[in-house]
Amino acid sequence: GIGGGGSFVQLTGEVGTGKTTVCRALLEQLPADVDVAMIFNPQLVSPSPRRQAGASLTLSARVCSRLFPFGCPPLGSLTMIDRRQLFGAAAGSFALINGVATASTSRKPKAAVAPRGVDGRLVRLATLELEAQQDFTRGMRTLHGKALRAASLAAFDRVLEREGIDPATPITVEQLRRLIENEPSTNLASRTWLHNQQYMWKTLHAHFHDHADEYLAELEAADRAGPGTLELAPSLEVPMYARHEIHIQPGGYVGDPFAGHMYHYGTNSFYTGTSIGANDQDDSHKRSAQRLPLPQDGKALRILDMGTGIGQLAVALKEKYPDAEVWGIDVAAPMLRYAHMRANNLGVAVNFAQRLAENTGFPDNHFDLVTSYLLHHEVPAEVTRKIIAEVQRITRPGGVFYPLDFGTGGAVMPPRLLYGRWWDHRWNNEAWSLEYHAMPFTEEIGKRGFSIVRNAEAVIRGYGARHAIKT
């Protein structure tokens, strides 16, 4: 404590008053042997104390990116401590009441949400203004992809030429950082993309929290409805690797009750301008379900989608194989609640469960097909290895494991390729992506009781082709 040679500093102030700059200046001047802990008091906007846990925001990754603009320390050195855990339940409840009271006095009353119909299988956003805001972010993504990104890459090529670096010669992440640290064109393109991403999340977050009671009531009603099932595990310990703001989404996938809502509409914007194309109608997931290979005997009685998120692939698989028992599992309860509600609205009976991919709890030799959609680059490499072992246990002999994710194979690579991967890691808060890309994913599967189908066709163009059969 203070009497033991340590100290506490409380820093408060409005947005833009320089709190982060002061913190960064302090950290830069401290001796290496000084330990620093930072305690945050995020605003809690849930109007109901029983929902307060779901409304807490995970801030570690966002703060890290501000304090360490050219690369965060390892994620394990950042730990989010809920203030209620630090000071006790009574103090936390008092803080919550004060936070809600402050929020309630500063927010204007909002009109009730009125349905605006559907566009195919996509429920339209509740206001024309919000819909227009998301359309704006799509336009900015198109502009960025066609102009700013190209200018950024051209500037990067000029840096390589100026420094005498062969574009085909592999470099490390540290070398890359030094190259682009003071290059204005690359940093301008990155900042433009980042502001657009932040604006997208901010507008979605504000809407769903402004109408929290209505949307939470809708989720609660859907929790108990069919045709599918929903299994939540309130006592499940969410692993630290999942407790960060993936894609800089406020609260990440586990720390905001409306994570599923925001993810759905936010990722629809993500797909704009990509090689995959628009995904408003779950287009990519439906194509994947059509192309995923089955066991040689053609049986698909039980199918598992790991890291199902909001259930888009699981729903598409159930539509493709209506007689199959389809499961979608995920660590994130908010995502699963939205997935269950949406599947029910579509009339598709999928079983959703809050479970860990590395410890599913399913019986041995249970599934004919196990798959996932962009799961493995969101977890540490060691967790991926554990997941492969778990898949080997729960897949029947002759069953198929086909994880859908990016290609991998090296931490050192040509500058252009490394620049793109580092950029996604740095600015899109893909905390584990560099670790994932350095892992020989397909070979790791082959080491753990699977035979790899050589020259298999990629289910998603440009992604890794990993057709594995349990031996």
Side-chain angles (χ1 to χ4, degrees), residues 121 227-229 276 279 281-330 339 343 346-353 355 357-358 360-376 384 387-408 441-471:
R121 62 201 284 148
T229 65
I276 294 177
N279 200 50
Q281 305 301 322
D282 302 341
D283 310 80
S284 178
H285 300 86
K286 289 189 290 187
R287 286 194 300 267
S288 298
Q290 292 293 325
R291 300 183 64 183
L292 277 167
L294 295 181
Q296 290 185 350
D297 59 17
K299 293 181 180 179
L301 302 179
R302 297 191 187 100
I303 300 173
L304 174 62
D305 175 26
M306 291 180 144
T308 192
I310 62 169
Q312 289 164 295
L313 181 58
V315 167
L317 286 164
K318 181 64 176 179
E319 290 174 322
K320 170 68 173 174
Y321 304 105
D323 296 329
E325 176 187 322
V326 177
W327 285 82
I329 64 170
D330 203 286
L346 293 171
V348 181
V350 174
N351 304 298
F352 291 106
R355 305 187 188 187
E358 62 268 38
T360 65
F362 289 112
D364 293 353
N365 305 316
H366 192 64
F367 289 100
D368 301 289
L369 170 63
V370 178
T371 187
S372 59
Y373 189 94
L374 301 182
L375 163 65
H376 290 275
T384 280
I387 292 173
I388 298 171
E390 177 70 354
V391 173
Q392 196 278 336
R393 183 185 69 80
I394 63 177
T395 304
R396 69 166 172 91
V400 170
F401 176 40
Y402 199 123
L404 301 167
D405 217 314
F406 306 112
T408 65
F441 190 13
T442 305
E443 287 78 357
E444 294 288 349
I445 297 172
K447 293 176 183 177
R448 290 167 172 81
F450 292 95
S451 63
I452 305 299
V453 177
R454 301 301 171 185
N455 301 316
E457 185 177 354
V459 169
I460 302 177
R461 184 181 62 185
Y463 285 38
R466 301 185 180 96
H467 181 178
I469 299 173
K470 179 175 176 177
T471 55

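Nothing here was measured: the structure is a model prediction, and the numbers come from that model.
Across all non-hydrogen atoms, the minimal contact from Pro403 to Ile445 is CG-CD1, 4.0 Å. Closest approach of Ala339 and Gly311 over heavy atoms only: CB-N, 3.7 Å. Contact between Val348 and Lys318 at its shortest, heavy atoms only, is CG1-CG, 3.4 Å. Annotation for Pro293 and Leu369: closest pair O-CD1, 3.8 Å, computed over non-hydrogen atoms. Of all non-hydrogen atoms in Pro295 and Gly398, the two that sit nearest each other are CB-O, 3.4 Å. For the residue pair Lys320 and Pro322, the shortest heavy atom distance occurs at O-CD, 3.3 Å.
Two residues are said to be in side-chain contact when any heavy atoms from C-beta on lie closer than 4.5 Å; Ile388 and Lys447 fail this criterion. Residues Arg461 and Arg287 have side chains not in contact (no heavy-atom distance under 4.5 Å, counting atoms from C-beta outward).
Side chain of Arg448 to main chain of Glu390: no donor-acceptor pair is present (N/O by atom type, distance under 3.5 Å, no hydrogens or angles). Without hydrogens or angle criteria, Asn279 side chain to Ser284 main chain gives a donor-acceptor distance under 3.5 Å. Side chain of Thr371 to main chain of Tyr402: a donor-acceptor pair is present (N/O by atom type, distance under 3.5 Å, no hydrogens or angles). A donor-acceptor pair is defined here as one N or O able to donate and one able to accept, closer than 3.5 Å; no such pair exists between the side chain of Lys470 and the backbone of Gly449.
From Arg291, atom CZ reaches atom CD of Glu457 across 4.5 Å, with rounding to the nearest 0.5 Å. Summarising the geometry, atom NE2 belonging to His285 is positioned 7.5 Å from atom CD1 belonging to Ile460; distances are rounded to the nearest 0.5 Å. Taken from CG in Leu404 to CG in Leu292, the straight-line distance is 5.5 Å, to the nearest 0.5 Å. Atom CG of Asp364 is separated from atom OG1 of Thr395 by 10.5 Å, given to the nearest 0.5 angstrom. Separation of atoms CD1 (Ile310) and CG (Asp282) is listed at 7.0 Å; rounding is to 0.5 Å. Between the OG1 atom of Thr408 and the NE2 atom of His376 there is a distance of 11.0 Å, given to the nearest 0.5 Å.
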**Request:** Would you please test Val391 and Phe367 for side-chain contact (heavy atoms from CB on, under 4.5 Å) and show each step?
**Result:** CA-CA 9 Å; Val391 173; Phe367 289 100; over 6 Å; no
**Item:** Stepwise side-chain contact (heavy atoms from CB on, under 4.5 Å) check, Tyr321 with Val326
**Value:** CA-CA 9 Å; Tyr321 304 105; Val326 177; 5.7 Å; no
**Request:** Kindly indicate, with the supporting measurements, whether the criterion side-chain contact (heavy atoms from CB on, under 4.5 Å) is fulfilled by Asp305 and Val350.
**Result:** CA-CA 10 Å; Asp305 175 26; Val350 174; over 6 Å; no
**Message:** Evaluate Phe362 against Ile329 for side-chain contact (heavy atoms from CB on, under 4.5 Å), listing each step before the verdict.
**Reply:** CA-CA 11 Å; Phe362 289 112; Ile329 64 170; 4.0 Å; yes
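The closest side-chain donor-acceptor pair between Thr229 and Asn351 falls under 3.5 angstrom. Thr442 and Arg466 form a side-chain donor-acceptor contact under 3.5 Å, judged by distance and modelled atom types alone.
Annotation: ring-ring contact (aromatic ring centres under 6.0 Å, His included) contacts of Tyr463 (sequence neighbours excluded): Phe406. Phe450 is linked by a ring-ring contact (aromatic ring centres under 6.0 Å, His included) to Phe401, counting only residues two or more places apart in sequence or in another chain.
Salt-bridge check for Asp368 with Arg302: failed, with every basic side-chain N at 4.0 Å or more from each acidic carboxylate O. Taking 4.0 Å as the cut-off between side-chain N and carboxylate O, Glu319 and Arg121 count as a salt-bridged pair.
Screening Leu294, Val370, Leu317, Leu313 against Ile303 for a side-chain contact (heavy atoms from CB on, under 4.5 Å) leaves a single residue, Leu317.
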